[in-house]
2 protein chains.
Amino acid sequence: MAGDKGPRRAPQEAVRAVREDIIRGVFAPGERLTEDALAARYGVSRVPVREALRVLEAEGFVEAKPYVGVFVKELSEAEAEDLLELRSVIEPMCAARAAANRTPEQLGRLKELVNLGWDAVREGRLEEVPRLNSRFHEVIAEASGSEVLGQMIRQLSQKIAWVYAVGLTLRAEDSWREHEEILEALAASDSERASALLGQHILRATTAYRRRTRESA
Amino acid sequence: MAGDKGPRRAPQEAVRAVREDIIRGVFAPGERLTEDALAARYGVSRVPVREALRVLEAEGFVEAKPYVGVFVKELSEAEAEDLLELRSVIEPMCAARAAANRTPEQLGRLKELVNLGWDAVREGRLEEVPRLNSRFHEVIAEASGSEVLGQMIRQLSQKIAWVYAVGLTLRAEDSWREHEEILEALAASDSERASALLGQHILRATTAYRRRTRESA
DNA sequence: GCCACCATTGTCGTATACACTCCCTCGCCC
DNA sequence: GGGCGAGGGAGTGTATACGACAATGGTGGC
């Protein structure tokens, strides 16, 4: 099943697969992940799985206890707040550089993502929205031109997506309307406007998250 | 040498060891790291070394090319700027929470680090200063109480130390005097002062770095 | 003399096999 | 009947072995 497509780079694929499954909620927080089960699930040996789990541990998605096993981490309310606050200061910085350094190719990908996002929202396929949301922000990070900044944002964005997925998804239409405005600013190479819009965008997302978590409490 | 002490967790030690060697300049940027050589260097097999290299790749210290090998990354001027700017916004946030959540034990460790730092500076052992510097900031991150924030700062701090180590170390006395003042603010549970001082501290460090890199250019 | 092609070598990628540790269960003793 | 200790099972940690790919050097042809 998994061995027919790409025998070249198994661990990298395993990292993506496990991380996606964690974000999508296939593996619940606190759940124990056995190397053997994951190896069977992805049709590879234990060695690539081990490497993948190590990477995910470094990224903060799982926690490994020696001779016991790896467990999916549990996000507390406080940590979710930290993630959102962190993003609220880093993303505007990123957007300002993206407006200056973006390439036409990246702009095209952003346009495509905005279209896909709108379609998903209109057709009610809300389970696809968080992933598109993450990708939109990842491309902006890539467009900033800074590899360090991009890597930081990438990890952060993935964790944010996780937080959102755990607590369901709301505020989808507004979010994608704002994405569209940000795209326009990037197309016009307007650094200040892009930075300001992204700041507002994150602020509203943060507020929405807080309101939602307080409702559930 | 390595097999007699702890048979429990070899890869974690390998990660620390390789990262330290990269930061200390034992492995120069662009240098090729062979798994076999590292395995022999630390007295373990290739498997733990592979896991360690994967973690370091996720952290951004090395880059792996399939079937070719792993290479120590090369930091550009722009990326160094990004790291410093990133720290300048994250650390004050971290200091404010540390002032509120610190434990007496953590405060004690900070005091000890300040003393060690002063001693190292006075006795002219400047090669030890970057590591103490990193640890000071890492303990503050730990004292913030946020695991997510702590992990972010930890990675960031290590890369900053790397940047500093590559371009030699200056401004040592001022840095540790400022560390002492920050410590006082933390002891007094003064969130605002701690945050403000750390902001100044990072700003001055950034300025010093920029000046130094422009002098060398 | 120069360029292209091929063999060789070195290194990574993966699978298999074994040793050690933790946890759970069963039996024994108090 | 309850608590404690030993034994077995499950799973991780590590080492070894083999296959796959890229880089390099040599040889043949042009």
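As the structure is a prediction and not an experimental result, all values here were calculated from the model. Reminder, nothing fancy here: chain letters follow the sequence lines and each chain counts from 1.
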Whole-Å gap separating [atom2] ([N]) and [atom1] ([X]):
X: A/Gln12; N: C/dC12; atom1: CD; atom2: C1'; answer: 14 Å
X: B/Glu13; N: D/dG13; atom1: CD; atom2: P; answer: 14 Å
X: B/Glu51; N: C/dC12; atom1: CD; atom2: P; answer: 15 Å
X: B/Tyr42; N: D/dT14; atom1: OH; atom2: P; answer: 16 Å
X: B/Lys65; N: C/dC12; atom1: NZ; atom2: P; answer: 14 Å

Scan nucleotides 15-19 of chain D against the protein and return all N/O pairs shorter than 3.5 Å with their distances rounded to 0.1 Å.
{"residue": "D/dA15", "atom": "OP2", "partner": "B/Ser45", "partner atom": "N", "Å": "2.6"}

Sequence neighbours excluded, which residues qualify as ring pair (Phe, Tyr, Trp, His ring centres under 6.0 Å) partners of A/Phe136?
->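 Applying ring pair (Phe, Tyr, Trp, His ring centres under 6.0 Å) to A/Phe136 gives A/His179.
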Can you tell me which residue pairs pass the salt bridge (Lys or Arg N to Asp or Glu O under 4.0 Å) test with a partner in residues 137-146 of chain B, sequence neighbours excluded?
->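 Those involving residues 137-146 of chain B are B/Arg109-B/Glu142, B/Glu138-B/Arg154.
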By salt bridge (charged side-chain N to carboxylate O under 4.0 Å, His left out), which residues pair with A/Glu51, not counting sequence neighbours?
->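 Result, salt bridge (charged side-chain N to carboxylate O under 4.0 Å, His left out) vs A/Glu51: B/Arg50, B/Arg54.
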For B/Glu79, all residues meeting salt bridge (charged side-chain N to carboxylate O under 4.0 Å, His left out), sequence neighbours excluded |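 Salt bridge (charged side-chain N to carboxylate O under 4.0 Å, His left out) check on B/Glu79 returns nothing, list empty.
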Ring pair (Phe, Tyr, Trp, His ring centres under 6.0 Å): pairs with one or both residues in residues 72-111 of chain B, sequence neighbours excluded =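 Pairs touching residues 72-111 of chain B that pass the test: none.
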Applying side-chain hydrogen bond (donor to acceptor under 3.5 Å, both in side chains), name anything that partners B/Asp21, two or more places apart in sequence or on another chain.
->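 Per chain and number, B/Asp21 pairs via side-chain hydrogen bond (donor to acceptor under 3.5 Å, both in side chains) with B/Arg41, B/Tyr42.
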Contacts to DNA chain C from residues 32-40 of chain B, heavy-atom cutoff under 4.0 Å, which residues?
->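 Going residue by residue through residues 32-40 of chain B, the ones with a heavy atom under 4.0 Å of DNA chain C turn out to be B/Arg32, B/Leu33, B/Thr34, B/Glu35.
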First locate atom CD of A/Glu85, then atom CD1 of A/Ile90, and finally report the distance between them rounded to the nearest 0.5 Å.
->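 Between atom CD of A/Glu85 and atom CD1 of A/Ile90 there are 10.5 Å.
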With sequence neighbours excluded, residues passing side chain to side chain contact (heavy atoms under 4.5 Å, CB included) with A/Ala96 |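 Listed in chain order: A/Ser195.
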